[in-house]
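Read the structure below first, then the notes.
Fair warning: this is a prediction, and the values are worked out from it, not measured in the lab.
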Amino acid sequence: MIPVTSFAGKTVAVFGLGGSGLASCHALKAGGAEVIAADDNAENVAKAAQAGFITADLRNVSWANFAALVLAPGVPLTHPVPHWSVLKAREAGCEVIGDIELFCRERRRHAPDAPFVAITGTNGKSTTTALIAHLTKVAGYDTQMGGNIGTAILSLEPPRMGRVHVIEMSSYQIDLTPSLDPSVGILLNVSEDHIDRHGTIEHYAAVKERLVAGVQDGGTAIVGVDDGYCRDIADRLDRAGKNVVRISVKNPLASGIHVEHGNILRTAGGARSEVAALGGIGSLRGQHNAQNAACAAAAALAMGISSEVLQNGLRSFPGLAHRMEQVGRRGNVLFVNDSKGTNADATAHALSSFADIFWIAGGKPKAGGITSLTGFFPRIRKAYLIGEAAPEFSGTLGAQVPHEISHTLDVAVEHAARDAEASGLTDAVVLLSPACASFDQYRNFEIRGTKFRELVQALPGVKPVV
């Protein structure tokens with residue numbers, strides 16, 4: 001745990017008592033603050049009370065003595081409307097912050113030069129976070145990984161020299177971290193997402209920009225420049241005097257890091273050198289993973305990690321669970337779990353990585369469905385549709401792609417495995433990449449992906465991928 005000493009002797013309200021909220025309560029109390037805990041969910045309030053915290057309905061208390069409101073990232077800050085607790089805090093002139101802001105303040109107080117790598121982007125941030133954490137472990141760092149990837153940041157060990165914090169950040173978390181100042185900041189990409197929480201794509205992009213704009217003096221801002229929003233952001237950072245490393249997997253760069261024919265290359269001052277090779281690394285297959293790897297490589301180089309250690313780390317990276325995870329093979333059929341592909345953009349990356357796909361898709365649909373994926377339809381030998389989105393996806397696929405409505409994941413796996421094996425294709429792939437949220441049938445994408453893995457591994461003759 002990281003004790004939050006910056007509010008010692010003060011009273012702090014904490015709203016939203018899930019994993020990160022309860023961790024914030026413990027960290028604030030350990031640092032000497034008095035905590036008043038609240039949530040709209042009575043069960044969460046009861047858990048906080050059982051843990052020994054004072055609980056209250058913040059609508060019925062005086063805010064005069066609160067030094068801050070620590071808000072869980074899932075609670076609306078601005079859109080579609082601010083949560084009532086945010087309005088109460090603003091009326092009282094009380095700052096509204098999140099748990100990563102508490103971490104940043106502790107780092108500045110106790111170990112301002114301790115390495116802190118923060119990663120954001122619409123797609124790829126979890127894989128990039130896990131890959132950087134893997135690379136820093138291989139390089140001998142005491143590595144603490146958390147944030148949006150799973151472990152609440154205040155549940156990690158405190159910052160100190162020789163210990164690196166590798167933190168995935170969502171736009172919601174960035175919004176609640178006004179003094180965000182990583183030593184290495186990474187912005188992978190920006191495409192339309194979470195507009196319900198940010199109002200416009202422009203505001204969403206501006207929130208993402210704050211992560212790299214806040215990089216501390218002497219630090220490095222790493223920006224993927226294969227979309228227009230990020231190209232503009234990189235240019236603004238340049239003008240502001242930041243040390244910017246541009247990343248591209250689509251075009252060579254006059255200065256920066258790009259990927260060409262499976263190699264990560266660095267260019268500077270007219271000279272070009274190879275940083276690492278990606279060929280044959282199954283866990284980093286596809287153009288999207290090339291971007292993730294190039295950004296991770298840039299972060300490693302910024303931290304002084306050698307090319308040899310970097311290459312060894314890339315080759316030994318096992319991949320991220322539920323993201324292009326190779327869960328088994330039977331004969332010529334590879335089974336890939338991409339349950340984290342919860343929108344069409346993410347699924348596009350998976351579909352672009354294979355040529356002969358038996359695709360399992362569906363769940364709770366998102367705006368736009370799969371209409372943006374039509375360019376990948378020739379790669380799909382057959383689709384197996386599950387969940388609420390099945391009728392809509394069936395309509396989009398139409399006569400272009402053979403498909404069936406399987407309804408449930410177990411039926412889809414059984415039928416896709418049977419058809420892939422019967423196809424006789426040399427490199428058939430059964431791919432779960434739903435392009436949907438999981439909430440119609442599963443509590444989260446991890447449970448959905450774990451179920452897929454279990455179903456595949458229970459098939460006769462399936463062997464682990466070596």
Side-chain angles (χ1 to χ4, degrees), residues 115 117 119 121 123-141 143 164 166 182-189 212 215 218-227 230-231 233-235 237-238 242-320 323-324 326 349 352-354 466:
V117 183
I119 302 98
N123 291 305
K125 54 187 178 290
S126 293
T127 297
T128 304
T129 301
L131 178 54
I132 293 171
H134 177 74
L135 294 175
T136 56
K137 286 177 185 175
V138 170
Y141 279 93
T143 299
V164 58
V166 183
S183 50
V184 178
I186 300 172
L187 173 57
L188 291 155
N189 46 57
V212 281
V215 164
T220 302
I222 298 165
V223 183
V225 292
D226 287 333
D227 66 80
C230 287
R231 281 193 295 276
I233 288 168
D235 291 345
L237 296 178
D238 252 343
K242 294 291 183 182
N243 175 29
V244 182
V245 178
R246 290 171 170 81
I247 307 292
S248 179
V249 294
K250 295 182 178 179
N251 301 296
L253 298 173
S255 177
I257 290 177
H258 70 277
V259 178
E260 189 175 295
H261 304 304
N263 296 314
I264 301 174
L265 304 173
R266 176 167 50 180
T267 54
R272 186 163 93 157
S273 59
E274 182 176 317
V275 172
L278 296 175
I281 304 177
S283 60
L284 295 173
R285 187 193 315 251
Q287 188 179 63
H288 64 297
N289 273 326
Q291 184 189 49
N292 299 337
C295 288
L301 294 173
M303 295 176 66
I305 295 173
S306 71
S307 292
E308 181 182 2
V309 171
L310 169 59
Q311 183 69 76
N312 290 338
L314 291 171
R315 293 208 177 281
S316 59
F317 179 56
L320 184 70
R323 191 68 176 111
M324 295 288 284
Q326 301 175 108
H349 296 315
S352 72
S353 301
F354 306 101
V466 180

Legend entry - Derivation and outcome, side chain to side chain contact (heavy atoms under 4.5 Å, CB included), residues Leu188 and Asn123: CA-CA 7 Å; Leu188 291 155; Asn123 291 305; over 6 Å; no
Legend entry - Nearest heavy-atom neighbours spanning Val223 and Cys230: CG1-O, 3.6 Å
Legend entry - For Arg285 against Met324, the heavy-atom pair lying closest together: O-CE, 4.2 Å
Legend entry - Partners passing side chain to side chain contact (heavy atoms under 4.5 Å, CB included) against Lys137 (at least two apart in sequence or in another chain): Thr143
Legend entry - Nearest heavy atoms of Val184 and Ala299, plus distance in Å: CG1-CB, 4.1 Å
Legend entry - Non-hydrogen side-chain atoms of Ile264 and Leu310 separated by less than 4.5 Å: no
Inset, instruction - Please state whether the rings of His134 and Phe317 are parallel, tilted or perpendicular, taking 30° and 60° as the class boundaries. - result: tilted
Legend entry - Heavy-atom side-chain proximity of Met303 to Pro115 below 4.5 angstrom: yes
Legend entry - Sub-4.5 Å side-chain heavy-atom contact between Val259 and Ile247: no
Legend entry - Considering all heavy atoms, the nearest Ala296-Leu131 contact: CB-CD2, 3.6 Å
Inset, instruction - Check His288, Gln291, Lys125 against Asn189 for a side-chain hydrogen bond (donor to acceptor under 3.5 Å, both in side chains) and give me the one that passes. - result: Gln291
Legend entry - Intermediate values then yes/no, side chain to side chain contact (heavy atoms under 4.5 Å, CB included), Val212 and Lys242: CA-CA 9 Å; Val212 281; Lys242 294 291 183 182; over 6 Å; no
Inset, instruction - For the residue pair His258 and Leu265, establish whether any side-chain heavy-atom pair is separated by less than 4.5 Å. - result: yes
Inset, instruction - Could you go through the side chain to side chain contact (heavy atoms under 4.5 Å, CB included) check for Leu253 and Val225 one step at a time? - result: CA-CA 10 Å; Leu253 298 173; Val225 292; 4.2 Å; yes
Inset, instruction - With salt bridge (Lys or Arg N to Asp or Glu O under 4.0 Å) as the test, would you mind laying out the steps for Asp227 and Lys250 before giving the verdict? - result: CA-CA 10 Å; Asp227 66 80; Lys250 295 182 178 179; over 6 Å; no
Inset, instruction - Please test Asp235 against Arg246 for side chain to side chain contact (heavy atoms under 4.5 Å, CB included), starting from the C-alpha separation and ending with a verdict. - result: CA-CA 10 Å; Asp235 291 345; Arg246 290 171 170 81; 2.9 Å; yes
Inset, instruction - Identify the heavy atoms of Ser283 and Asn289 that sit nearest to each other, and give their distance. - result: O-ND2, 3.7 Å
Legend entry - Validation row: Leu301, Val245 side chains within 4.5 angstrom (heavy atoms): no
Legend entry - Donor-acceptor under 3.5 Å (Thr127 side chain, Gly124 main chain): no
Inset, instruction - Check Ile222 against Cys295 and note the closest heavy-atom contact, atom names and distance. - result: CD1-O, 4.1 Å
Inset, instruction - Using a 4.5 Å cut-off on heavy atoms from C-beta on, say whether the side chain of Thr220 contacts that of Val215. - result: no
